[in-house]
Amino acid sequence: MPDKLAAATVVAMTSATRNQGKGGGVDYTDRQYWSGLIKMSLSKFFILAELQRRPMHGYEIARQVELSTKGCCAPTAGALYPVLREFEEGGYVTALIEHTGGRQRKVYTITDKGQRAFAVAVEAWREVGAYLDGQG
């Protein structure tokens with residue numbers, strides 16, 4: 001069953017683009033469009049936020065993101081692992097293979113570069129929040 005983020009994104013994009021080709025373009029009055037867009041943007045932020053707490057394997061990261069956001073952001077494996085690969089290739093996280101119960105899994109740890117990236121992301125989101133609150 002698709003997670004809430006993926007489902008919301010698909011619904012938002014489908015709903016918002018329903019009138020494309022009919023002179024209507026994207027329906028920017030569609031709340032689902034904006035919710036899906038915001039949730040997609042927040043996924044990377046929340047993945048780094050959870051890795052700030054401690055090293056974790058992929059399923060655990062996805063579960064913690066879902067729990068900490070009360071279901072608002074719940075990345076699927078199809079969304080999570082490409083982001084983790086991107087973070088690993090960019091030097092924002094490292095991954096070590098852990099052997100548990102005869103199985104292998106990657107445990108991801110945020111690097112100093114990843115911590116700096118998260119700090120920049122926090123500043124950017126605070127700036128947006130302040131703007132939305134009329135303080136920016």
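As the structure is a prediction and not an experimental result, all values here were calculated from the model.
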To the nearest 0.5 Å, tell me how far Met56 CE sits from Thr109 OG1. 10.0 Å
The reported gap from SG in Cys73 to CD1 in Ile47 (rounded to nearest 0.5 angstrom) is 7.0 Å
Give the intermediate values and the outcome of side-chain contact (heavy atoms from CB on, under 4.5 Å) for residues Phe45 and Val122. CA-CA 8 Å; Phe45 177 83; Val122 168; 3.8 Å; yes
Nearest 0.5 angstrom please: Glu60 CD to Arg105 CZ, how far? 7.0 Å
Closer than 3.5 angstrom, by distance alone: can the side chain of Thr111 be matched with the main-chain N or O of Gly91 as a donor-acceptor pair? yes
Please list, chain by chain and in numerical order, all residues satisfying side-chain hydrogen bond (donor to acceptor under 3.5 Å, both in side chains) with Glu86, sequence neighbours excluded. Lys44
Does Phe87 CZ have over 12 foreign heavy atoms under 6.0 Å away? yes
So do Val65 and Pro75 actually touch side chain to side chain, heavy atoms under 4.5 Å? yes
Steps toward side-chain contact (heavy atoms from CB on, under 4.5 Å) verdict (Lys106, Leu96): CA-CA 5 Å; Lys106 279 187 172 183; Leu96 294 174; over 6 Å; no
Roughly how far, to the nearest 0.5 Å, is CG of Leu80 from OH of Tyr108? 7.5 Å
Hey, is Glu88 close enough to Arg85 for a salt bridge, meaning N to O under 4.0 Å? no
How far apart are the closest heavy atoms of Tyr81 and Tyr59, and which atoms are they? OH-N, 3.5 Å
Could you grab the distance from atom CZ of Arg116 to atom CG of Leu48, nearest 0.5 Å is fine? 12.5 Å
Presence of salt bridge, Arg53 and Glu50, under 4.0 angstrom: yes
Distance, nearest 0.5 Å, that separates CZ of Arg31 from CD1 of Ile38: 8.0 Å
Smallest heavy-atom separation, Ile97 atom then His99 atom, equals CG2-NE2, 3.9 Å
Return yes if some donor-acceptor pair links the side-chain N/O of Thr76 with the main-chain N/O of Ala79 below 3.5 Å, else return no. yes
Are the side chains of Ile61 and Leu84 in touch, meaning some heavy atoms are under 4.5 Å apart? yes
